[in-house]
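Remember, predicted model here, so these are calculated numbers, not experimental data.
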Amino acid sequence: MPPLLRDPATVLPSLAAAPHPHPHLLRALHAHLLVSARLASLSHLAAFAAALASSGHLAYARLVLPRRPATLLAHNALLRALARGARPGLAFAAFRDLPLPPDHYSLSFLVRAATALAAAAAAERPVPGQVNARLLAVSSHGAAVRRGHAADPHVQSGVVSMYAALGDVADARAAFAEIACPDLVCVTAMVGALAAGGDVDAARDLFDGMPLRDHVAWNAMVAGYVHVGKSREALTLFDEMQRAGAAVGEATLVSVLTACAQIGALNRGNWVHWYMRSRRMRMSVTLGTALVDMYSKCGAVVTAMEVFEGMGERNVYTWTSAVSGLAMNGMGLECLELFKRMESAGIQPNGVTFVAVLRGCSMAGLVDEGQACFDSMKDKHGVDPWLEHYGCMVDLYGRAGRLDDAINFINDMPVEPHEGVWGALLNASRIHNNVELGKHALDKLLAIESQNDAAHVLLSNIYAESQNWKGVSKVRGVMKAKGVKKVPGWSAIEVGGKIHEFFVGGRSHPRHKEIELMLAEMGRRLRLQGYAANTKEVLFDIEEEEKEGAISLHSEKLALAFGLIALPESEEIRIVKNLRVCKDCHDYTKLISKVFNREIIMRDRNRFHHFKDGTCSCKDYW
DNA sequence: ATAGGGTTAG
């Protein structure tokens with residue numbers, strides 16, 4: 001007996017994965033399963049039927065199921081297996097041909113199938129034979145209503161999360177409003193739906209109004225905050241969750257780690273790792289990946305790699321997190337090496353992996369290597385380049401000063417360049433002081449995206465570099481007239497397990513007086529070292545400038561001053577910033593690291609800067 | 001005998 005045929009539990013998934021197994025093979029398998037009495041239990045029978053259906057033999061699948069008496073139970077088991085399988089759309093075909101009227105179980109499986117399709121559509125993962133996720137969603141909801149099962153709580157919660165998966169919060173709200181007495185599960189589904197739709201405040205109101213919250217409800221709310229980037233709120237809520245005595249499990253910790261990663265809360269992240277070990281929690285792929293991501297994004301890349309190496313099972317997410325972590329930390333060569341290891345390990349890289357490895361090459365100036373990766377994408381891995389990848393390539397050439405190559409690359413693109421491509425060229429023009437090219441790139445960029453704030457700021461900086469102050473104020477006027485809003489800059493620093501956030505020109509911190517004194521002291525000691533503020537790149541914070549009539553302090557300087565006050569001298573200062581660090585702040589921080597003899601690790605939008613003894617790990621190349 | 005809500009990479 002071939003080993004595969006010994007146990008339905010092992011043979012069925014491989015059958016389901018095969019696109020179109022030969023009918024002879026199926027019949028042989030069927031016969032074997034019958035003879036060896038593997039199909040005696042209904043669950044095995046349903047699994048076999050589902051495997052048949054998944055591999056394109058729905059009619060055969062139905063024949064396998066008991067016909068007389070036709071039990072709805074067996075057909076429901078088929079629906080369930082199909083809804084969970086690789087081709088959830090088949091559940092609709094099976095539903096249409098049910099030999100008996102469907103019950104509330106049938107409907108809940110159908111809704112689940114629609115949810116799976118909606119989730120795949122949202123992730124742009126086309127599922128074979130897919131019609132239209134929205135159409136199927138509405139029809140499954142309609143079927144539930146028609147068959148009189150819309151009031152079943154399992155169907156209700158399923159419908160709410162189905163619309164959420166489609167991205168239709170309004171429909172989720174409407175479905176929720178129809179529910180006379182939503183139970184805990186339905187409310188939790190709605191909390192998740194609201195948060196996923198970006199309305200985290202509405203989610204919180206609903207959450208606060210819950211008479212009872214179990215750990216899943218807490219998880220939904222914590223994850224909701226993480227989803228919209230409110231990491232500090234997520235961590236605060238997690239504290240409350242623990243005080244409330246809710247069970248902390250894998251899902252919770254994954255969200256908490258994601259929050260730590262977002263805001264660079266290394267101490268908190270370390271605590272989670274310790275907590276996992278002290279509870280002897282299993283290092284699942286998801287949890288391990290979240291740890292690798294957290295350590296990478298907190299600049300602890302060595303620890304990230306230790307976790308990575310210690311993991312027993314790794315998937316494409318894990319590898320991509322690690323590759324991306326090395327890229328972000330400026331370790332281009334190591335990033336490339338890990339990518340090659342990934343290839344030899346037989347893990348198929350996807351588009352996200354290539355974004356990471358191309359960025360790694362770009363940051364380390366590895367132009368030829370990056371080019372080779374880009375070429376291998378399609379040839380070797382069958383991944384079609386996205387617009388982002390074209391942007392990465394322009395960045396790769398442009399950063400390295402090969403502006404002609406960048407332009408040729410754009411001209412040879414088989415698709416219309418998008419704003420990211422022109423943005424990369426614009427940035428390269430700024431780095432290499434090419435005003436003409438910068439103007440050209442900006443025109444193209446604004447023709448596509450007239451509200452792009454970063455583009456206006458970059459143009460202003462290009463003008464400022466060439467001392468063209470009229471140009472600077474013109475850009476400012478244009479932004480005002482067009483109503484372009486600059487994303488407010490913030491910097492975060494963790495002190496004593498608490499996250500402190502600073503905003504441009506902010507004065508609201510309880511220790512602002514001390515911060516001001518420290519800033520004055522920093523300025524005094526820097527002047528002694530011959531530092532003069534960089535007026536070339538003018539600080540560009542319209543709102544603040546207008547309010548205060550003076551140039552405001554960028555948030556990273558406030559965070560830095562606070563770090564110098566609040567952290568012991570032996571400790572490095574870690575700052576996370578949401579935008580890219582400007583040249584002035586970069587120069588300033590380099591000198592501070594020298595004059596105050598401190599290590600400063602700053603994560604900006606794109607990468608890490610590791611300041612020590614007056615130099616930065618990015619070698620002024622960012 | 002079959003069911004629902006929360007979890008990872010750019």
task: Look at the aromatic rings of A/Y390 and A/F374 and report parallel, tilted or perpendicular, splitting at 30° and 60°.
output: perpendicular
- prompt: Could you give the NE2-to-P distance, from A/H215 to B/dT7, as a whole number of Å?
  reply: 12 Å
- prompt: Is the shortest side-chain N/O distance from A/R112 to OP1 or OP2 of B/dG5 below 4.0 Å?
  reply: yes
- request: Verify the distance criterion only: is there a donor paired with an acceptor across the side chains of A/N219 and A/T252 at less than 3.5 Å?
  value: yes
message: Side chain of A/Y105, heavy atoms from C-beta onward: which of B/dA3, B/dG10, B/dG5 has the nearest atom to it?
response: B/dA3
field: Selected nucleotide, minimal atom distance to A/A223 side chain, candidates B/dG6, B/dT8, B/dG5
entry: B/dG6
query: Do the side chain of A/T188 and the base of B/dG5 come within less than 3.5 angstrom through a donor-acceptor pair of N or O atoms?
result: yes
- request: Search all heavy atoms of A/H141 against all heavy atoms of A/A175 and return the closest pair with its distance.
  value: CE1-CB, 4.4 Å
message: Does A/S161 reach a base, just sugar-phosphate, or nothing at all? Heavy atoms under 4.0 Å.
response: sugar-phosphate
message: I'd like to know if the side chain of A/D103 pairs up with that of A/H149 as donor and acceptor (distance under 3.5 Å, no hydrogens or angles considered).
response: no
task: Provide, to the nearest angstrom, the distance between the NE2 atom belonging to A/H104 and the C1' atom belonging to B/dT2.
output: 10 Å
message: Can you tell me whether the side chain of A/D152 and the base of B/dG4 have a donor-acceptor pair closer than 3.5 Å?
response: no
Nucleotide B/dG4, atom C1' - distance to NE2 of A/H154 in whole Å: 5 Å
- line: Picking from B/dG5, B/dG10, B/dT2, the nucleotide nearest the side-chain atoms of A/L73 would be B/dT2
task: Quickly work out the A/N219 CG to B/dG4 P distance and round it to whole Å.
output: 17 Å
- request: Examine the base of B/dG5 for any acceptor or donor lying under 3.5 Å from a partner atom in the side chain of A/D214, and report the outcome as yes or no.
  value: yes
- prompt: Passes side chain to side chain contact (heavy atoms under 4.5 Å, CB included), A/L257 versus A/R268? Steps please.
  reply: CA-CA 8 Å; A/L257 284 171; A/R268 251 329 169 91; over 6 Å; no
field: Options B/dT7, B/dT2, B/dA9, nucleotide nearest the side-chain atoms of A/N76
entry: B/dT2
Proximity to DNA chain B (any heavy atom under 4.0 Å), residues of residues 324-353 of chain A only: A/S324, A/N350, A/V352
field: Closest to side chain of A/R80, choosing from B/dT8, B/dG5, B/dA3
entry: B/dA3
field: Distance-only side-chain donor-acceptor flag, A/R603 / A/N329, under 3.5 Å
entry: no
- line: A/R605 CZ to B/dG10 C1', in whole Å, measures 11 Å
- request: Would you mind classifying the nucleic acid contact of A/L107 as base, sugar-phosphate or nothing, using non-hydrogen atoms under 4.0 angstrom?
  value: nothing
- line: Taken to the nearest whole Å, CG/A/L291 to P/B/dA9 is 13 Å
message: Strictly by ring pair (Phe, Tyr, Trp, His ring centres under 6.0 Å), give each pair with a member in residues 327-352 of chain A just once, sequence neighbours left out.
response: A/F339-A/F354
Gap between atoms CE and P, on A/M221 and B/dG6 respectively (whole Å): 14 Å
query: For A/E388, which contact category applies under a 4.0 Å heavy-atom criterion: base, sugar-phosphate, or nothing?
result: base
- prompt: Among side-chain atoms of A/H273 and A/Y295, is any donor-acceptor pair under 3.5 angstrom?
  reply: yes
field: N or O in side chain of A/K297 less than 4.0 angstrom from B/dT8 OP1/OP2
entry: no
message: Side chains of A/H418 and A/E388: any donor to acceptor distance under 3.5 Å?
response: no
query: Just by distance, do the side chain of A/Q262 and the backbone of A/V226 share a donor-acceptor pair under 3.5 Å?
result: yes
message: Can you identify which nucleotide, out of B/dT8, B/dG5, B/dT2, has its nearest atom closest to the A/D103 side chain?
response: B/dT2
- prompt: Only one of A/V285, A/T286, A/V292 clears side-chain contact (heavy atoms from CB on, under 4.5 Å) with A/T289; which?
  reply: A/V285
query: Expressed in angstrom and rounded to an integer, what is the separation of A/L100 atom CG from B/dT2 atom P?
result: 18 Å
- prompt: Counting only non-hydrogen atoms, which of residues 281-290 of chain A are less than 4.0 Å from DNA chain B?
  reply: A/T286, A/T289
